[in-house]
Amino acid sequence: MKIRMFLSIPIKDTESIRPVLEDVRSISGVKASPISQMHITVRFIGDIDDSKTKKVVKAIQDAVSDIDPFTISIRGAGCFPKRENPSVIWIGAYPEDTLRKMADRISVNLKSSNIRFDEKPFKTHITVGRCSGRPDIGSFLDRYVDKEFSSFVCDEILVMRSELSPSGAKHTVLERVPLGGN
């Protein structure tokens, strides 16, 4: 059976993000992301046969076995692709170098396991809104550009199933892969 899969780091304390989502909701032409779905996407795999889940888990385990749990700082805001014509509004996640190293290692392992995935360059972010039209997000970005929201210890990567419906995506944890081989 085919499922829609992605790999993510869960945001453990979403309360600090709640005011940001309230501000996003107030912007005309922007739909706020559900607070229950706050995460950092490490890799989007897309449609895959669910029998390959164990291969995906193994690729992650091999990539993170020597990476100890570390602190992620959530701060700042931005958008894709550009301020004048945004499609996604995000808040940042740091340290970018550690997160990128982990994502790159997972990508190498997925490729060597013949698992197809979206190979867009990895950008550490948490999606907080999706735009339609050309919403004016300038004041939002200015307000949050240097704002520190929270920090938490990243100690696992989640293998997630995403089921799309007219009311939005439903995310389900398929597997938890601890960092450091624990």
Side-chain angles (χ1 to χ4, degrees), residues 4-14 16-17 20-21 23-24 27 29-48 56 59-60 63-64 67 69-111 115-132 134-162 164 168-169 171 177 179:
R4 189 170 186 257
M5 182 184 289
F6 67 96
L7 313 178
S8 73
I9 296 169
I11 306 307
K12 304 212 174 163
D13 173 21
T14 55
S16 66
I17 299 172
V20 176
L21 294 175
D23 279 356
V24 168
I27 304 170
V30 179
K31 182 177 182 196
S33 302
I35 197 159
S36 62
Q37 294 181 4
M38 294 292 105
H39 66 271
I40 300 164
T41 300
V42 177
R43 278 292 167 219
F44 180 75
I45 293 177
D47 293 334
I48 184 173
V56 171
I60 300 167
V64 303
I67 298 175
F70 62 97
T71 300
I72 292 178
S73 171
I74 302 171
R75 67 178 188 271
C79 65
F80 297 132
K82 58 186 179 182
R83 189 177 180 129
E84 300 77 31
N85 188 21
S87 60
V88 169
I89 301 173
W90 51 262
I91 54 178
Y94 301 88
E96 287 181 286
D97 56 342
T98 304
L99 290 163
R100 185 173 290 106
K101 173 180 157 185
M102 197 164 51
D104 289 349
R105 284 177 162 194
I106 290 169
S107 298
V108 166
N109 291 355
L110 290 172
K111 278 184 188 175
I115 304 287
R116 292 177 188 224
F117 61 95
D118 184 344
E119 294 190 45
K120 282 186 198 134
F122 176 72
K123 169 66 178 150
T124 60
H125 73 284
I126 301 156
T127 299
V128 293
R130 297 194 181 276
C131 307
S132 58
R134 287 169 116 47
D136 180 3
I137 63 167
S139 61
F140 172 87
L141 295 179
D142 292 343
R143 184 173 328 128
Y144 290 109
V145 69
D146 292 320
K147 171 90 169 124
E148 176 99 22
F149 300 105
S150 66
S151 62
F152 65 95
V153 174
C154 171
D155 58 2
E156 66 183 349
I157 304 286
L158 303 182
V159 179
M160 303 292 295
R161 177 180 186 167
S162 178
L164 301 178
H171 297 164
V177 181
L179 298 187

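Note that the coordinates shown come from a computational prediction; the quantities given were computed from them, not determined experimentally. In what follows, residues are counted from 1 in the order of the sequence shown.
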Residues two or more places apart in sequence or in another chain: which of them pass side-chain contact (heavy atoms from CB on, under 4.5 Å) with [X]?
X      : answer
Lys82  : Glu84, Asn85
Thr127 : Ser33, Val88, His125, Arg130
Thr124 : Ala93, Glu96, Leu99, Phe122

Going by side-chain hydrogen bond (donor to acceptor under 3.5 Å, both in side chains), name the residues that satisfy it together with [X], two or more places apart in sequence or in a different chain.
X      : value
Thr71  : none
Asp13  : none
Ser162 : Arg4
Lys12  : Asp155

- Check whether the ring centres of Phe6 and Phe117 lie less than 6.0 Å apart, and answer yes or no.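 When the ring centroids of Phe6 and Phe117 are compared, they turn out to be at least 6.0 Å apart.
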Validation row: [X], [Y] side chains within 4.5 angstrom (heavy atoms):
X      : Y      : value
Pro135 : Pro86  : yes
Asn109 : Ile60  : no
Ile45  : Arg116 : no
Ile9   : Val42  : yes
Ser151 : Ile74  : no

Distance from [X] atom [atom1] to [Y] atom [atom2], nearest 0.5 Å?
X     : Y      : atom1 : atom2 : value
Met38 : Ser8   : CE    : OG    : 11.5 Å
Thr14 : Gln37  : OG1   : CD    : 12.0 Å
Ile91 : Ser16  : CD1   : OG    : 7.0 Å
His39 : Leu158 : NE2   : CG    : 9.5 Å
Ile11 : Ile72  : CD1   : CD1   : 6.5 Å
Arg75 : Phe149 : CZ    : CZ    : 11.0 Å

- Item | Name of the residue among Ile67, Ile40, Leu7 meeting side-chain contact (heavy atoms from CB on, under 4.5 Å) with Ile157 | Leu7
- Passing option when Cys79 is tested against Ile137, Val128, Val30 for side-chain contact (heavy atoms from CB on, under 4.5 Å): Ile137
- Query: Is Arg43 salt-bridged to Glu119, cutoff N-O under 4.0 Å?
  - Reply: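 Looking at Glu119 together with Arg43, the answer is no, because their closest N to O distance does not fall below 4.0 Å.
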- Query: Would you say the side chains of Glu148 and Ser73 form a donor-acceptor pair under 3.5 Å?
  - Reply: yes
- Query: Under the ring pair (Phe, Tyr, Trp, His ring centres under 6.0 Å) test, which residues partner Phe70, sequence neighbours left out?
  - Reply: none
Under the rule for salt bridge (Lys or Arg N to Asp or Glu O under 4.0 Å), what residues qualify as partners of [X], not counting sequence neighbours?
X      : answer
Asp142 : Arg83
Lys31  : none
Asp136 : none
Arg143 : Asp23

- How about Asp146: does its CG atom have over 12 heavy atoms from other parts shown lying under 6.0 Å from it? no
- If you look at every heavy atom in Pro69 and Val153, which pair is closest and at what distance? CB-CG1, 3.9 Å
